[in-house]
Undergrad: 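Sharing a structure here in structure tokens format.
All heavy atoms count here, side chains included; hydrogens, waters and symmetry mates do not. In what follows, chains are A, B, ... by sequence order, proteins preceding strands, each numbered from 1. Note that this is a predicted model, so its numbers are computed, not measured.
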Amino acid sequence: MQIASCLLQNHTIMTLQEIIQPANKVYGKTPLLTDTPMHYCPGCSHGVVHKLIAEVIEEMGIQDITIGIAPVGCAVFAYNYIDIDWQEAAHGRAPALATAVNRLLPDSCVFTYQGDGDLAAIGTAETIHACNRGENIAIFFINNGIYGMTGGQMAPTTIEGMVTSTSPEGRDVMLEGYPLKISNLLTILDGTCYVTRQAVHTPATVIRAKKAIRKAFENTLAKKGTSVVEFVSTCNSGWKMTPHQANQWMAEHMFKAYPLGDLKDQ
Amino acid sequence: MARNKGAVVVNIERCKGCHLCEEACPSDVLEMNQQTNAMGYHYSYMANVEACTGCASCAYVCPDACITVYRVKS
Amino acid sequence: MEEVKLMKGNEAIAEAAIRCGCDGYFGYPITPQSEVLETLMALEPWKKTGMVVLQAESETASINMVYGGAACGKRVMTSSSSPGISLMQEGLSYIAGAELPCVVVNVTRGGPGLGTIQPSQSDYFQTVKGGGHGDYKLITLAPASVQEMSDYLCLAFDLAFKYRNPVMVLSDGLIGQMMEKVQLPDYQLRLTNEQIREKYPWATLGKQGRTKQNIITSLELVSEEMEKVNNRLQQKYREVEANEVRYETFLCDDADYLLVAFGSTARICQKSVELLREEGIKVGLFRPITLYPYPASQILKYAKQVKGMLSVEMNAGQMVEDVRLAVNGLVPVEFYGRYGGMIPTPEEIVKAAKEKLMA
């Protein structure tokens, strides 16, 4: 790791060097995140969620028993970034793979990582039925209201009026239907024990989101059923905004359709 | 009252210059450097060194896990 | 201790699965194979061997559960019938691409579309010519009796793990529903997770005891690397073709004409051969057991001896193309088929053989 010390004023170097000591370290990259640079666009929410999942796995000491199921979409390469065993599923099928792993390796800790197209469009059936069976898995769901990987098309969760490459005039609900509040839907299934909606755009939401991830993993280990953590996220490239603008737009518009907080906690 | 004194170390080559750390910093410590890293990104650096409290807000929101935070009581 | 029982082909699949150390079955009801899942549920193998049995929400989910289980190095399988197998093609392509072992049983019914629930062999192309996307092959075994349903299921698992490749048991509604005497295999112990770790170091059981993570994927965006993946697959397929061809002959040594048929049609053709021989016409039966790898060179050998061949199938003419490719124009290769759930009688095959080969 390089230190940008060349840019510092002379009189502060000593001070900084005193501060930058292993004993004073309060936060750093978890070793569970590999050294492979993430391919995500600058400012992408995926990176934050990956980091939090890796941190929780490390803190809970479950690296050896955790198996991740990667989706199709931007997070298809999630397996390159978190140092655990992974399976890469077909589009939307991650909950089916996770079901088998959970049944065949009941002492493992299985999670899926899925985007809105993967979880709430092509994989709706797999998602609902895995949740309805109460599979002891955690589902981490990135909802940025757009298909990022394929270049910004309309997603099932695209909010009303939102412009995408396949809804260039904004989503017209009379034409394209309503934004799918899939997490709300999952709360009514008896198999889910925990459904929560989080965000990772501010330090405070990051801390809350991390707690939610931890709870989902704890539920999985306690065999309480399916835990779903939705992350209302940005896709600044797809939304054609800067990362900061995207965060602001999300807070202003996305949170109205997808309010943050626990939807179910049993 | 004892005040935390902090510092951050940015892994320059992993930084994508997204500005999110800059926005998250309550003390206006961070800015994007005029220079670019090997990927061509303007990377984050401590422009206002004295102001850092080591609160780690920047590191929490960093999507690329490229910020290490240090803190001492002063 | 060997047990002989009277049962349906579908029931034999279920019994054999439990006995050959299967770890998991994931399936969805469809006629004419629902007895596989029903029998497994009735036998409750989870109490005896620990085998998992789960009714999935669709064939799509079933095959992807198989994907997840196979990725853990487990002996997993599913079964379905034609429309359901169509839904599984995506998963099969991924499983073949990720080089995972698994067994899929197709108790074929007549199509296209919803078609009929009666027997058919019209999924031959889908099975041996691709079905899903990309260059991949399914090792394909075609049983012709209830006994072979049991035998080939166990063989299918062995081949699947030997080559890290999906294996299809391509049967049909006739064998699935037919009752015959079966000698079931002895119980084989399921592997423990520790044994799987040792035998299949690629399995995603959790990193435990490994410094390197295991990743099961069929994705490779760098074309040069993806070509290498394909080269490796092709090399494996050549190996399969060199080592795993299986077939059976019936009265072929002195034959002037050959019937070529697989699965239940081969059973019917055996009777046709006997009827023709009673009339003094020297006809033999060549029965491919592996449809991939196809016994092409063995068929070619007979092309140098006989005057013509008749491919008999319960479809509109699918395997006949492979017979023609094998014979390469040496002798005429004709086709006789019934389809839409119709089963040819030995007599109509005799008539067709005379008309098409001996006229």
Side-chain angles (χ1 to χ4, degrees), chain A residues 1-9 11-13 15-30 32-38 40-52 54-55 81 200-207 209-210 234 236 242-248, chain B residues 4-27 29-74:
Chain A
M1 196 173 289
Q2 297 177 42
I3 303 170
S5 55
C6 56
L7 305 147
L8 305 171
Q9 298 297 319
H11 70 272
T12 61
I13 286 176
T15 318
L16 274 181
Q17 280 175 350
E18 281 163 16
I19 300 170
I20 300 169
Q21 295 294 328
N24 296 334
K25 186 172 151 185
V26 290
Y27 193 95
K29 181 176 92 72
T30 162
L32 262 281
L33 277 181
T34 66
D35 289 329
T36 310
M38 294 193 231
Y40 302 113
C41 306
C44 177
S45 312
H46 275 303
V48 186
V49 180
H50 282 21
K51 181 179 69 179
L52 296 180
E55 284 173 3
Y81 310 132
V200 292
H201 64 310
T202 64
T205 54
V206 167
I207 290 165
K210 185 171 171 180
T234 62
N236 57 76
T242 67
H244 179 60
Q245 284 168 341
N247 277 344
Q248 286 182 318
Chain B
N4 287 323
K5 174 74 182 166
V8 302
V9 177
V10 177
N11 183 350
I12 292 169
E13 290 309 323
R14 271 184 86 120
C15 177
K16 293 176 185 158
C18 72
H19 293 259
L20 289 182
C21 55
E22 191 182 331
E23 304 293 344
C25 177
S27 312
V29 174
L30 298 164
E31 279 177 23
M32 295 303 125
N33 201 299
Q34 288 303 306
Q35 296 178 23
T36 58
N37 62 17
M39 291 192 286
Y41 293 117
H42 295 287
Y43 49 86
S44 173
Y45 80 108
M46 291 178 81
N48 186 6
V49 177
E50 294 290 343
C52 181
T53 62
C55 72
S57 290
C58 54
Y60 288 142
V61 300
C62 175
D64 291 282
C66 52
I67 301 176
T68 309
V69 184
Y70 298 87
R71 184 168 58 212
V72 287
K73 302 233 175 186
S74 64

Undergrad: At a 4.5 Å cut-off on heavy atoms, which part of A:H201 comes close to chain B: side chain, backbone, both, or neither?
TA: backbone

Undergrad: Please flag which part of A:V206 lies under 4.5 Å from any non-hydrogen atom of chain B: side chain, backbone, both or neither.
TA: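 The side chain, not the backbone.
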
Undergrad: Can you see which heavy atom on A:V26 is nearest to which on B:G54, and at what distance?
TA: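 Taking A:V26 first and B:G54 second, the nearest heavy atoms are CG2-O, 4.1 Å.
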
Undergrad: What residues form a ring pair (Phe, Tyr, Trp, His ring centres under 6.0 Å) with B:Y60, not counting sequence neighbours?
TA: A:Y27

Undergrad: Heavy atoms only, distances under 4.5 angstrom: which of B:M39, B:E23, B:E22 has the most pairs with chain A? Name it, please.
TA: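 The answer is B:E23.
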
Undergrad: At a heavy-atom separation under 4.5 Å, does B:L20 approach chain A through its side chain, its backbone, both, or neither?
TA: side chain

Undergrad: Counting only non-hydrogen atoms closer than 4.5 Å, does A:N247 touch chain B with its backbone (N, CA, C, O), its side chain (CB onward), both, or neither?
TA: side chain

Undergrad: Report the distance from atom SG of B:C66 to atom CE of A:M38, rounding to the nearest 0.5 Å.
TA: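 Result: 9.0 Å between the selected atoms.
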
Undergrad: Do A:K29 and B:N11 come close enough that some side-chain heavy atom pair is under 4.5 Å?
TA: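 Contact flag for A:K29/B:N11 side chains = no.
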
Undergrad: Are any non-hydrogen side-chain atoms of A:K51 and B:C62 less than 4.5 angstrom apart?
TA: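 The answer is yes, as the side chains (C-beta and beyond) meet within the 4.5 Å cut-off.
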
Undergrad: Give me the atom names and distance for the closest heavy-atom approach of B:P63 to A:G43.
TA: CG-CA, 3.8 Å

Undergrad: Could you tell me which of A:D35, A:N236, A:V49 has the largest number of non-hydrogen atom pairs under 4.5 Å with chain B?
TA: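 If we count pairs closer than 4.5 Å to chain B, A:D35 comes out on top.
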
Undergrad: So, do A:P42 and B:Y41 sit near enough that their side-chain heavy atoms are less than 4.5 Å apart?
TA: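 With C-beta onward as the side chain, the pair touches.
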
Undergrad: Measure B:A7 against the heavy atoms of chain A and call it side chain, backbone, both or neither at under 4.5 Å.
TA: both

Undergrad: Taking B:T68's backbone N and O only, do any of them form a donor-acceptor pair with A:K25's side chain (distance below 3.5 Å, no angle check)?
TA: no

Undergrad: Using side-chain hydrogen bond (donor to acceptor under 3.5 Å, both in side chains) as the criterion, list what pairs up with B:K16, not counting sequence neighbours.
TA: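 Applying side-chain hydrogen bond (donor to acceptor under 3.5 Å, both in side chains) to B:K16 gives B:D64.
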
Undergrad: So which part of A:T36 gets closer than 4.5 Å to some heavy atom of chain B, the side chain, the backbone, both or neither?
TA: backbone

Undergrad: Would you compute the distance between atom CD1 of A:I19 and atom SG of B:C52 and round it to the nearest 0.5 angstrom?
TA: 7.5 Å

Undergrad: Identify which part of A:Q21 has an atom lying under 4.5 Å from any heavy atom of chain B, answering side chain, backbone, both or neither.
TA: backbone

Undergrad: Does any heavy atom of chain B fall under 4.5 Å from the side chain of A:I207, the backbone, both, or neither of them?
TA: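 Only the side chain of A:I207 comes within 4.5 Å of chain B.
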
